[in-house]
Amino acid sequence: MMDQVPDDGGSGAALIVRMAAGDEAALGELYDLHSGRVYAAAFAVLGDRAAAEDVVEETFWQAWRTAATYSAGRAAVATWLLMIARSRALDRGRSDTRRVNRDAAAAEGDPPPTATSQPDVSEPHRRLAAGLESLSPDQRQAIELAFFEGLSHSEIADRIGAPLGTVKTRIRSALQVLRGLVNMRRGGTRQ
Amino acid sequence: MTDQIQHDEIRSLLPAAALGSLDAAEARQVNAHLPGCAECTQQLREYEETVVATFESIDEPATMGSARAAAIRSRLLRRASGAVPMPREVSTVGRAVRQWSGWLAAASLVGVLFMHHAFHGPIAGGWLVAGILCFALVGVTIYAMVQRARVKAVTRDAARRDTP
(Lines give C-alpha, C1' and ligand atoms only; values in the text may rest on other atoms or scores of the structure.)
Protein backbone atom coordinates (compact mmCIF):
# COMPACT_ATOMS: atom_id res chain seq x y z
CA MET A 1 0.00 0.00 0.00
CA MET A 2 2.94 2.36 0.31
CA ASP A 3 3.44 2.92 -3.38
CA GLN A 4 0.27 4.79 -4.12
CA VAL A 5 1.62 8.25 -4.76
CA PRO A 6 0.58 8.65 -8.36
CA ASP A 7 3.14 9.22 -11.01
CA ASP A 8 1.06 11.38 -13.30
CA GLY A 9 3.61 11.36 -16.07
CA GLY A 10 3.69 15.13 -16.17
CA SER A 11 -0.03 15.68 -16.74
CA GLY A 12 -0.40 17.00 -13.20
CA ALA A 13 2.41 19.45 -13.77
CA ALA A 14 0.72 20.56 -16.98
CA LEU A 15 -2.44 21.29 -15.00
CA ILE A 16 -0.45 23.41 -12.58
CA VAL A 17 1.03 25.37 -15.48
CA ARG A 18 -2.48 25.99 -16.82
CA MET A 19 -3.63 27.05 -13.35
CA ALA A 20 -0.75 29.50 -13.09
CA ALA A 21 -2.02 31.00 -16.36
CA GLY A 22 -5.47 31.45 -14.83
CA ASP A 23 -7.23 28.43 -16.35
CA GLU A 24 -10.02 27.60 -13.90
CA ALA A 25 -10.89 24.37 -15.72
CA ALA A 26 -7.43 23.07 -14.82
CA LEU A 27 -8.22 23.64 -11.15
CA GLY A 28 -11.35 21.54 -11.59
CA GLU A 29 -9.38 18.75 -13.25
CA LEU A 30 -6.74 18.81 -10.51
CA TYR A 31 -9.51 18.64 -7.91
CA ASP A 32 -11.10 15.66 -9.65
CA LEU A 33 -7.76 13.86 -9.68
CA HIS A 34 -6.61 14.50 -6.14
CA SER A 35 -9.46 15.62 -3.86
CA GLY A 36 -10.03 12.08 -2.57
CA ARG A 37 -6.51 11.57 -1.31
CA VAL A 38 -6.32 15.13 0.02
CA TYR A 39 -9.49 14.51 2.02
CA ALA A 40 -8.21 11.18 3.35
CA ALA A 41 -4.97 12.80 4.52
CA ALA A 42 -6.80 15.71 6.15
CA PHE A 43 -9.20 13.34 7.88
CA ALA A 44 -6.31 11.20 9.13
CA VAL A 45 -4.89 14.21 10.92
CA LEU A 46 -8.13 15.84 12.08
CA GLY A 47 -10.60 12.99 12.51
CA ASP A 48 -13.44 15.37 11.69
CA ARG A 49 -15.35 15.36 8.42
CA ALA A 50 -16.34 19.02 8.34
CA ALA A 51 -12.85 20.17 9.27
CA ALA A 52 -11.32 17.83 6.68
CA GLU A 53 -13.63 19.27 4.00
CA ASP A 54 -12.52 22.78 4.92
CA VAL A 55 -8.92 21.64 4.58
CA VAL A 56 -9.65 20.20 1.12
CA GLU A 57 -11.01 23.53 -0.05
CA GLU A 58 -8.15 25.50 1.47
CA THR A 59 -5.58 23.11 0.00
CA PHE A 60 -6.83 23.53 -3.55
CA TRP A 61 -7.33 27.25 -3.04
CA GLN A 62 -3.70 27.54 -1.93
CA ALA A 63 -2.68 25.45 -4.92
CA TRP A 64 -4.57 27.84 -7.20
CA ARG A 65 -3.01 30.92 -5.66
CA THR A 66 0.54 29.54 -5.54
CA ALA A 67 0.54 27.53 -8.78
CA ALA A 68 3.16 29.84 -10.24
CA THR A 69 5.61 28.86 -7.49
CA TYR A 70 5.28 25.11 -8.09
CA SER A 71 8.46 23.40 -9.25
CA ALA A 72 8.08 20.03 -10.93
CA GLY A 73 11.70 19.25 -10.13
CA ARG A 74 11.11 19.82 -6.45
CA ALA A 75 8.09 17.57 -5.90
CA ALA A 76 5.47 15.58 -7.76
CA VAL A 77 2.06 17.25 -7.90
CA ALA A 78 0.45 14.72 -5.54
CA THR A 79 3.29 15.15 -3.06
CA TRP A 80 3.03 18.92 -3.29
CA LEU A 81 -0.72 18.85 -2.69
CA LEU A 82 -0.54 16.41 0.20
CA MET A 83 2.21 18.39 1.89
CA ILE A 84 -0.01 21.46 1.65
CA ALA A 85 -2.97 19.46 2.95
CA ARG A 86 -1.01 18.08 5.89
CA SER A 87 0.23 21.55 6.79
CA ARG A 88 -3.27 23.07 6.58
CA ALA A 89 -4.71 20.18 8.60
CA LEU A 90 -2.10 20.55 11.34
CA ASP A 91 -2.77 24.30 11.48
CA ARG A 92 -6.49 23.63 11.72
CA GLY A 93 -5.94 21.01 14.43
CA ARG A 94 -3.85 23.39 16.50
CA SER A 95 -6.43 26.13 16.09
CA ASP A 96 -9.29 23.80 17.09
CA THR A 97 -7.35 22.49 20.08
CA ARG A 98 -6.65 26.03 21.28
CA ARG A 99 -10.34 26.88 20.96
CA VAL A 100 -11.43 23.72 22.79
CA ASN A 101 -8.97 24.48 25.58
CA ARG A 102 -10.14 28.07 25.85
CA ASP A 103 -13.80 27.04 25.90
CA ALA A 104 -13.17 24.34 28.50
CA ALA A 105 -11.18 26.70 30.69
CA ALA A 106 -13.82 29.40 30.39
CA ALA A 107 -16.59 26.95 31.21
CA GLU A 108 -14.91 25.53 34.27
CA GLY A 109 -12.92 28.52 35.39
CA ASP A 110 -9.79 26.38 35.36
CA PRO A 111 -6.46 27.23 33.78
CA PRO A 112 -5.93 25.84 30.25
CA PRO A 113 -4.65 22.27 30.17
CA THR A 114 -0.95 21.72 29.73
CA ALA A 115 0.49 20.35 26.51
CA THR A 116 0.66 16.84 27.91
CA SER A 117 -3.04 16.83 28.79
CA GLN A 118 -4.36 18.31 25.55
CA PRO A 119 -7.12 16.26 24.00
CA ASP A 120 -5.98 14.32 20.99
CA VAL A 121 -8.99 14.91 18.79
CA SER A 122 -7.81 12.78 15.92
CA GLU A 123 -6.61 9.72 17.82
CA PRO A 124 -9.74 7.57 17.43
CA HIS A 125 -9.80 8.20 13.70
CA ARG A 126 -6.27 7.23 12.87
CA ARG A 127 -5.63 4.02 11.08
CA LEU A 128 -2.02 3.20 11.51
CA ALA A 129 -0.21 3.22 8.23
CA ALA A 130 1.20 -0.15 7.33
CA GLY A 131 4.77 1.12 7.44
CA LEU A 132 4.48 2.49 10.95
CA GLU A 133 3.96 -1.01 12.27
CA SER A 134 7.48 -1.82 11.17
CA LEU A 135 9.00 0.75 13.51
CA SER A 136 10.21 0.24 17.06
CA PRO A 137 7.85 1.67 19.72
CA ASP A 138 10.22 4.59 20.36
CA GLN A 139 10.57 5.39 16.67
CA ARG A 140 6.85 5.09 16.16
CA GLN A 141 6.04 7.38 19.06
CA ALA A 142 8.41 10.08 17.81
CA ILE A 143 7.26 9.89 14.23
CA GLU A 144 3.57 9.86 15.12
CA LEU A 145 4.00 13.04 17.15
CA ALA A 146 5.76 14.65 14.20
CA PHE A 147 3.48 13.12 11.59
CA PHE A 148 0.02 13.62 13.03
CA GLU A 149 0.57 16.50 15.43
CA GLY A 150 3.26 18.43 13.60
CA LEU A 151 5.47 18.79 16.66
CA SER A 152 9.02 19.99 16.20
CA HIS A 153 12.12 18.16 17.42
CA SER A 154 12.26 20.11 20.64
CA GLU A 155 8.51 19.88 21.25
CA ILE A 156 8.67 16.10 20.88
CA ALA A 157 11.63 15.97 23.26
CA ASP A 158 9.64 17.96 25.83
CA ARG A 159 6.54 15.83 25.34
CA ILE A 160 8.22 12.46 25.80
CA GLY A 161 10.99 13.58 28.14
CA ALA A 162 13.82 12.37 25.91
CA PRO A 163 17.04 14.19 24.97
CA LEU A 164 16.81 16.28 21.79
CA GLY A 165 19.54 14.30 20.06
CA THR A 166 17.70 11.05 20.78
CA VAL A 167 14.53 12.43 19.22
CA LYS A 168 16.40 13.52 16.10
CA THR A 169 17.96 10.08 15.78
CA ARG A 170 14.63 8.30 16.23
CA ILE A 171 12.89 10.44 13.60
CA ARG A 172 15.74 10.08 11.14
CA SER A 173 16.00 6.33 11.55
CA ALA A 174 12.22 5.90 11.42
CA LEU A 175 11.88 7.81 8.17
CA GLN A 176 14.78 5.89 6.70
CA VAL A 177 12.99 2.63 7.55
CA LEU A 178 9.80 3.93 5.92
CA ARG A 179 11.74 5.11 2.90
CA GLY A 180 13.30 1.68 2.55
CA LEU A 181 9.84 0.11 2.67
CA VAL A 182 8.57 2.48 -0.01
CA ASN A 183 11.51 1.69 -2.27
CA MET A 184 11.18 -2.04 -1.64
CA ARG A 185 7.47 -2.09 -2.41
CA ARG A 186 7.97 0.02 -5.51
CA GLY A 187 10.63 -2.44 -6.63
CA GLY A 188 8.23 -5.29 -5.91
CA THR A 189 5.49 -3.60 -7.88
CA ARG A 190 7.70 -3.21 -10.90
CA GLN A 191 8.72 -6.87 -10.88
CA MET B 1 32.21 24.93 9.69
CA THR B 2 33.43 23.34 6.46
CA ASP B 3 31.06 22.81 3.57
CA GLN B 4 31.23 19.03 3.99
CA ILE B 5 30.39 19.14 7.69
CA GLN B 6 27.53 21.54 7.00
CA HIS B 7 26.32 19.32 4.17
CA ASP B 8 26.35 16.26 6.46
CA GLU B 9 24.52 18.14 9.18
CA ILE B 10 21.86 19.37 6.77
CA ARG B 11 21.44 15.89 5.34
CA SER B 12 20.75 14.57 8.83
CA LEU B 13 17.94 17.11 9.16
CA LEU B 14 16.18 16.21 5.93
CA PRO B 15 13.86 13.52 7.36
CA ALA B 16 12.53 15.99 9.90
CA ALA B 17 12.33 18.67 7.21
CA ALA B 18 10.07 16.39 5.18
CA LEU B 19 7.86 15.95 8.23
CA GLY B 20 7.85 19.67 8.89
CA SER B 21 9.20 19.04 12.38
CA LEU B 22 12.32 21.17 12.27
CA ASP B 23 12.76 23.96 14.75
CA ALA B 24 12.77 27.42 13.15
CA ALA B 25 16.56 27.81 13.19
CA GLU B 26 17.04 24.36 11.66
CA ALA B 27 14.48 25.11 8.96
CA ARG B 28 16.36 28.31 8.07
CA GLN B 29 19.60 26.32 7.79
CA VAL B 30 18.02 23.77 5.49
CA ASN B 31 16.28 26.37 3.33
CA ALA B 32 19.53 28.26 2.91
CA HIS B 33 21.41 25.11 1.91
CA LEU B 34 18.95 23.53 -0.52
CA PRO B 35 19.20 25.88 -3.52
CA GLY B 36 22.90 25.10 -3.91
CA CYS B 37 22.77 21.35 -3.26
CA ALA B 38 21.10 19.07 -5.78
CA GLU B 39 21.83 15.98 -3.66
CA CYS B 40 20.01 17.29 -0.58
CA THR B 41 17.17 18.60 -2.74
CA GLN B 42 16.72 15.16 -4.25
CA GLN B 43 16.91 13.46 -0.84
CA LEU B 44 14.35 15.83 0.61
CA ARG B 45 12.06 15.06 -2.30
CA GLU B 46 12.38 11.34 -1.61
CA TYR B 47 11.66 11.81 2.08
CA GLU B 48 8.61 13.92 1.28
CA GLU B 49 7.39 11.20 -1.06
CA THR B 50 7.87 8.75 1.82
CA VAL B 51 5.78 10.94 4.12
CA VAL B 52 3.06 11.15 1.50
CA ALA B 53 3.24 7.42 0.75
CA THR B 54 2.82 6.73 4.47
CA PHE B 55 -0.26 8.94 4.48
CA GLU B 56 -1.53 7.09 1.46
CA SER B 57 -1.07 3.73 3.16
CA ILE B 58 -3.46 4.52 5.99
CA ASP B 59 -5.92 1.67 6.28
CA GLU B 60 -9.53 2.39 5.39
CA PRO B 61 -8.95 5.96 4.23
CA ALA B 62 -11.92 8.23 4.75
CA THR B 63 -13.90 9.20 1.69
CA MET B 64 -15.79 12.39 1.03
CA GLY B 65 -19.44 12.22 0.03
CA SER B 66 -19.99 12.92 -3.66
CA ALA B 67 -22.44 15.74 -2.94
CA ARG B 68 -19.98 17.47 -0.60
CA ALA B 69 -17.13 16.91 -3.03
CA ALA B 70 -19.18 18.48 -5.83
CA ALA B 71 -20.18 21.41 -3.64
CA ILE B 72 -16.58 22.14 -2.68
CA ARG B 73 -15.50 21.82 -6.32
CA SER B 74 -18.16 24.25 -7.43
CA ARG B 75 -17.29 26.77 -4.72
CA LEU B 76 -13.59 26.52 -5.55
CA LEU B 77 -14.23 27.25 -9.20
CA ARG B 78 -16.41 30.21 -8.33
CA ARG B 79 -13.74 31.50 -5.97
CA ALA B 80 -11.16 31.10 -8.72
CA SER B 81 -13.34 33.00 -11.17
CA GLY B 82 -13.85 35.77 -8.65
CA ALA B 83 -17.59 35.12 -8.37
CA VAL B 84 -17.24 34.66 -4.63
CA PRO B 85 -15.41 37.62 -3.14
CA MET B 86 -12.41 36.57 -1.14
CA PRO B 87 -9.91 38.61 0.81
CA ARG B 88 -7.53 39.97 -1.80
CA GLU B 89 -3.83 40.45 -1.39
CA VAL B 90 -3.34 44.19 -1.08
CA SER B 91 -0.21 46.24 -0.70
CA THR B 92 0.97 47.25 2.74
CA VAL B 93 0.29 50.90 1.91
CA GLY B 94 -3.19 50.11 0.60
CA ARG B 95 -3.99 48.04 3.68
CA ALA B 96 -2.76 50.81 5.99
CA VAL B 97 -4.82 53.44 4.16
CA ARG B 98 -7.93 51.28 4.41
CA GLN B 99 -7.29 50.47 8.04
CA TRP B 100 -6.77 54.04 9.12
CA SER B 101 -9.08 55.83 6.69
CA GLY B 102 -11.83 56.24 9.30
CA TRP B 103 -9.43 57.75 11.81
CA LEU B 104 -7.92 60.02 9.18
CA ALA B 105 -11.38 61.34 8.28
CA ALA B 106 -12.23 61.90 11.94
CA ALA B 107 -8.93 63.65 12.63
CA SER B 108 -9.45 65.90 9.63
CA LEU B 109 -12.90 66.93 10.79
CA VAL B 110 -11.66 67.60 14.31
CA GLY B 111 -8.85 69.70 12.87
CA VAL B 112 -11.29 71.75 10.82
CA LEU B 113 -13.47 72.29 13.90
CA PHE B 114 -10.60 73.46 16.07
CA MET B 115 -9.24 75.77 13.39
CA HIS B 116 -12.66 77.24 12.84
CA HIS B 117 -13.14 77.92 16.53
CA ALA B 118 -9.62 79.23 16.95
CA PHE B 119 -10.15 81.87 14.28
CA HIS B 120 -13.82 82.78 14.64
CA GLY B 121 -14.92 81.89 18.17
CA PRO B 122 -18.50 81.80 16.86
CA ILE B 123 -20.26 81.01 20.14
CA ALA B 124 -19.64 81.38 23.84
CA GLY B 125 -17.83 78.31 25.22
CA GLY B 126 -16.81 77.38 21.70
CA TRP B 127 -13.89 75.25 22.84
CA LEU B 128 -16.17 73.21 25.08
CA VAL B 129 -18.53 72.63 22.18
CA ALA B 130 -15.60 71.69 19.97
CA GLY B 131 -14.40 69.19 22.59
CA ILE B 132 -17.83 67.59 22.85
CA LEU B 133 -18.09 67.39 19.07
CA CYS B 134 -14.63 65.85 18.99
CA PHE B 135 -15.68 63.07 21.37
CA ALA B 136 -18.87 62.55 19.39
CA LEU B 137 -16.88 62.21 16.17
CA VAL B 138 -14.49 59.71 17.70
CA GLY B 139 -17.42 57.71 19.05
CA VAL B 140 -19.20 57.66 15.69
CA THR B 141 -15.96 56.63 13.97
CA ILE B 142 -15.38 53.75 16.38
CA TYR B 143 -18.99 52.63 15.93
CA ALA B 144 -18.65 52.75 12.14
CA MET B 145 -15.43 50.74 12.21
CA VAL B 146 -16.93 48.07 14.45
CA GLN B 147 -19.96 47.79 12.17
CA ARG B 148 -17.74 47.58 9.10
CA ALA B 149 -15.74 44.75 10.68
CA ARG B 150 -18.97 42.90 11.49
CA VAL B 151 -20.26 43.27 7.95
CA LYS B 152 -16.97 41.94 6.57
CA ALA B 153 -17.06 38.96 8.92
CA VAL B 154 -20.66 38.13 8.00
CA THR B 155 -19.90 38.51 4.28
CA ARG B 156 -16.87 36.24 4.52
CA ASP B 157 -18.82 33.66 6.51
CA ALA B 158 -21.69 33.74 4.01
CA ALA B 159 -19.28 33.29 1.12
CA ARG B 160 -17.77 30.22 2.77
CA ARG B 161 -21.16 28.65 3.47
CA ASP B 162 -22.66 29.56 0.13
CA THR B 163 -22.70 26.20 -1.53
CA PRO B 164 -24.82 25.58 -4.61
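By convention in this document, chain letters (A, B, ...) are assigned in the order of the sequence lines, proteins followed by strands, and residues within each chain are numbered from 1.
- Annotation: the span from S12(B) atom OG to I171(A) atom CD1 amounts to 11.5 Å, rounded to 0.5 Å.
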Dump the intermediate steps for side chain to side chain contact (heavy atoms under 4.5 Å, CB included) on V51(B) and L175(A), then the final yes or no.
-> CA-CA 8 Å; V51(B) 169; L175(A) 210 53; 4.2 Å; yes

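- The backbone N or O of T63(B) lies less than 3.5 Å from a partner atom in the side chain of R49(A), making a donor-acceptor pair.
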Determine, stepwise, if the pair E155(A) / D23(B) fulfils side chain to side chain contact (heavy atoms under 4.5 Å, CB included).
-> CA-CA 9 Å; E155(A) 288 169 333; D23(B) 295 316; 5.8 Å; no

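- Expressed to the nearest 0.5 Å, how far CG of L77(B) lies from CH2 of W64(A) amounts to 8.5 Å.
- The closest donor-acceptor contact from the side chain of R86(A) to the backbone of L19(B) lies under 3.5 Å.
- Comparing G65(B), A16(B), A27(B) by how many heavy-atom pairs each has under 4.5 Å with chain A, the most go to A16(B).
- Looking at heavy atoms from C-beta onward, T50(B) lies out of side-chain contact with Q176(A) at the 4.5 angstrom threshold.
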Give the C-alpha distance, both sets of side-chain angles, the deciding distance and a yes or no for salt bridge (charged side-chain N to carboxylate O under 4.0 Å, His left out) between K168(A) and E26(B).
-> CA-CA 12 Å; K168(A) 288 182 178 181; E26(B) 293 171 330; 2.9 Å; yes

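- The line from CZ of R68(B) to OH of Y39(A) is 9.5 Å long, rounded to the nearest 0.5 Å.
- Counting heavy-atom pairs closer than 4.5 Å to chain A, the top-ranked of the candidates M64(B), E48(B), Q42(B) is M64(B).
- Side-chain contact between Y31(A) and I72(B) is present, with heavy atoms from C-beta onward closer than 4.5 Å.
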Check step by step if side chain to side chain contact (heavy atoms under 4.5 Å, CB included) holds for S35(A) and R73(B).
-> CA-CA 9 Å; S35(A) 59; R73(B) 185 187 196 278; over 6 Å; no

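- Residue contact with chain A, scored on non-hydrogen atoms closer than 4.5 Å, involves the side chain of L13(B) exclusively.
- Per-residue counts of heavy-atom pairs under 4.5 Å with chain A were compared for A69(B), A24(B), G20(B); the largest is that of A69(B).
- One hydrophobic cluster, built from ILVMFWY side chains closer than 4.5 Å, cannot hold both M19(A) and V17(A); they sit in different ones.
- Salt bridge annotation for R79(B)-E57(A): present, with a cationic side-chain nitrogen under 4.0 angstrom from a carboxylate oxygen.
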